[in-house]
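Taking it in order: structure first as structure tokens, then the write-up.
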Amino acid sequence: MMDTIGGLVAKRKYERPDFLHERCTPEAYYRWLDRKADAHCKRDRKRGNPAATREAYMIAIHQAVLASNGLDAYTGQPLAWELISTYENNASRLGKRDYKKQFAQLPTVDHVGDGRGKPQFRICSWQTNDAKSDLSEEEFLELCRAVVRHHTRV
């Protein structure tokens with residue numbers, strides 16, 4: 001069965017999860033999913049994955065959203081799904097750091113691995129993804145442990 005969303009035809013497999021019904025519209029969710037899949041697929045092709053397809057990325061990102069249950073995969077904190085597709089580059093240029101801070105809990109897509117194999121993702125906040133950068137999960141967790149150890153010394 002097919003749904004028409006914002007002039008796009010979306011397969012039911014990309015239907016907005018139940019936990020997002022009060023957080024964002026189906027159009028906003030599909031637009032976000034489509035744009036994230038396109039961006040990550042293009043980036044991975046440039047990084048040496050010629051087998052990357054937009055469809056595989058749509059499926060993998062949607063599965064990561066479902067697995068997240070709306071929470072950051074690393075912190076367990078709720079994500080601000082109502083913010084998807086609201087970021088404005090011009091407002092960011094004007095507001096700089098203060099503007100970006102408002103989007104700390106914006107859901108983003110984090111790669112599991114280097115992007116050269118089968119697409120695997122986790123959903124986390126922009127703040128978490130920014131802090132994690134290109135670290136592996138284990139490297140990121142070790143960095144977090146080091147920060148906590150440093151600040152909890154007696």
Side-chain angles (χ1 to χ4, degrees), residues 1-93 95 99-144:
M1 179 177 252
M2 306 291 262
D3 291 330
T4 301
I5 300 175
L8 300 172
V9 176
K11 294 178 185 163
R12 276 215 176 285
K13 63 184 162 187
Y14 303 130
E15 190 172 340
R16 175 186 58 167
D18 289 342
F19 60 83
L20 295 183
H21 280 207
E22 300 297 321
R23 309 295 302 279
C24 65
T25 66
E27 295 85 6
Y29 176 71
Y30 186 78
R31 181 173 182 244
W32 177 85
L33 178 62
D34 183 61
R35 293 175 73 183
K36 294 299 175 187
D38 190 51
H40 281 273
C41 184
K42 285 178 183 174
R43 185 179 86 176
D44 286 355
R45 283 183 190 150
K46 287 181 184 177
R47 289 182 171 181
N49 185 353
T53 67
R54 190 181 151 285
E55 177 69 10
Y57 279 58
M58 290 277 288
I59 292 167
I61 293 170
H62 183 65
Q63 288 173 343
V65 171
L66 294 173
S68 79
N69 203 30
L71 305 175
D72 184 303
Y74 297 98
T75 68
Q77 295 176 325
L79 295 168
W81 287 94
E82 61 278 1
L83 295 177
I84 62 173
S85 298
T86 63
Y87 189 85
E88 296 178 18
N89 289 329
N90 288 336
S92 178
R93 278 190 277 284
Y99 181 79
K100 187 177 175 186
K101 231 186 244 190
Q102 299 171 50
F103 291 87
Q105 297 308 310
L106 175 72
T108 62
V109 178
D110 178 48
H111 267 91
V112 174
D114 63 7
R116 293 191 187 131
K118 181 182 174 190
Q120 287 185 284
F121 303 102
R122 287 197 181 94
I123 306 302
C124 62
S125 71
W126 190 0
Q127 181 179 45
T128 300
N129 208 352
D130 201 30
K132 183 179 173 283
S133 188
D134 288 326
L135 298 175
S136 69
E137 179 180 7
E138 189 50 46
E139 291 167 334
F140 178 59
L141 294 175
E142 187 50 44
L143 174 64
C144 292

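In this structure, CH2 in Trp32 is found 9.0 Å from CG in Leu20, a value given to the nearest 0.5 Å. The distance from atom CD1 of Ile84 to atom CZ of Arg23, rounded to the nearest 0.5 Å, is 10.0 Å. For the atom pair CD (Gln102) and CH2 (Trp126), the distance works out to 10.5 Å, reported to the nearest 0.5 Å. Distance CD/Glu142 to OG/Ser136: 10.5 Å, rounded to 0.5 Å. With rounding to the nearest 0.5 Å, the separation of CD in Glu55 from OG1 in Thr53 is 7.0 Å.
If you look at Tyr57 and Phe121, their ring centroids are closer than 6.0 Å.
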Show, in sequence, the C-alpha distance, side-chain angles and deciding distance for Gln105 and Ser125, and conclude whether the side chain to side chain contact (heavy atoms under 4.5 Å, CB included) test is met.
CA-CA 5 Å; Gln105 297 308 310; Ser125 71; 3.6 Å; yes
Between Tyr30 and Met58, does a side chain to side chain contact (heavy atoms under 4.5 Å, CB included) hold up when you go through it step by step?
CA-CA 10 Å; Tyr30 186 78; Met58 290 277 288; 3.7 Å; yes
Worked verdict on Leu79 versus Ile123 for side chain to side chain contact (heavy atoms under 4.5 Å, CB included)
CA-CA 9 Å; Leu79 295 168; Ile123 306 302; 3.6 Å; yes
Quick one: do Tyr29 and Asp34 satisfy side chain to side chain contact (heavy atoms under 4.5 Å, CB included)? Show the steps, please.
CA-CA 9 Å; Tyr29 176 71; Asp34 183 61; over 6 Å; no
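In plain terms, the two heavy atoms of Ser68 and Phe19 that are nearest each other are OG-CZ, 4.2 Å. Here the closest heavy-atom approach between residue Ala91 and residue Tyr99 is recorded as CB-CE1, 3.6 Å. A pairwise comparison of heavy atoms in Tyr87 and Asn89 identifies CE2-OD1, 3.5 Å as the closest pair. For the pair Phe140 and Ala131, the tightest heavy-atom approach, listed with the atom from each and the gap, is CE1-C, 4.0 Å. The shortest non-hydrogen separation linking Ala80 to Pro107 is O-CD, 3.4 Å. Here the shortest heavy-atom pairing between Asn129 and Cys124 reads CB-SG, 3.7 Å.
Results of the side-chain hydrogen bond (donor to acceptor under 3.5 Å, both in side chains) test with Thr128 over Asp110, Asp72, Thr75, Thr108 single out Asp72 as the only residue that passes.
Ser133 contributes no side-chain N or O that, together with a main-chain N or O of Leu135, makes up a donor-acceptor pair within less than 3.5 Å. Judged by distance alone, with hydrogens and angles left aside, the side-chain atoms of Arg47 form no donor-acceptor pair with the main-chain N or O of Gly115 at under 3.5 Å. Counting only distance, with no hydrogens or angles, the side chain of Asn49 and the backbone of Gly117 share a donor-acceptor pair below 3.5 Å.
With no hydrogens or angles considered, no side-chain donor-acceptor pair links Arg122 and His111 at under 3.5 Å.
The neighbour count for Arg35 CZ, taken as heavy atoms of other residues, nucleotides or ligands under 6.0 Å away, does not exceed 12. Other residues, nucleotides and ligands contribute more than 12 heavy atoms inside 6.0 Å of the CD atom of Glu138.
Between Arg45 and Pro50 there is no side-chain heavy-atom pair separated by less than 4.5 Å. With contacts defined as side-chain heavy-atom distances shorter than 4.5 Å, the pair Tyr74/Glu137 qualifies.
In this structure, His62 and Tyr14 have perpendicular ring planes: the angle between them is above 60°, well past the 30° mark.
Salt bridge status for Lys132 with Glu139: absent, with no side-chain N to carboxylate O gap under 4.0 Å. A salt bridge links Lys100 and Asp130; the closest N-O separation between the charged side-chain nitrogens and carboxylate oxygens is under 4.0 Å.
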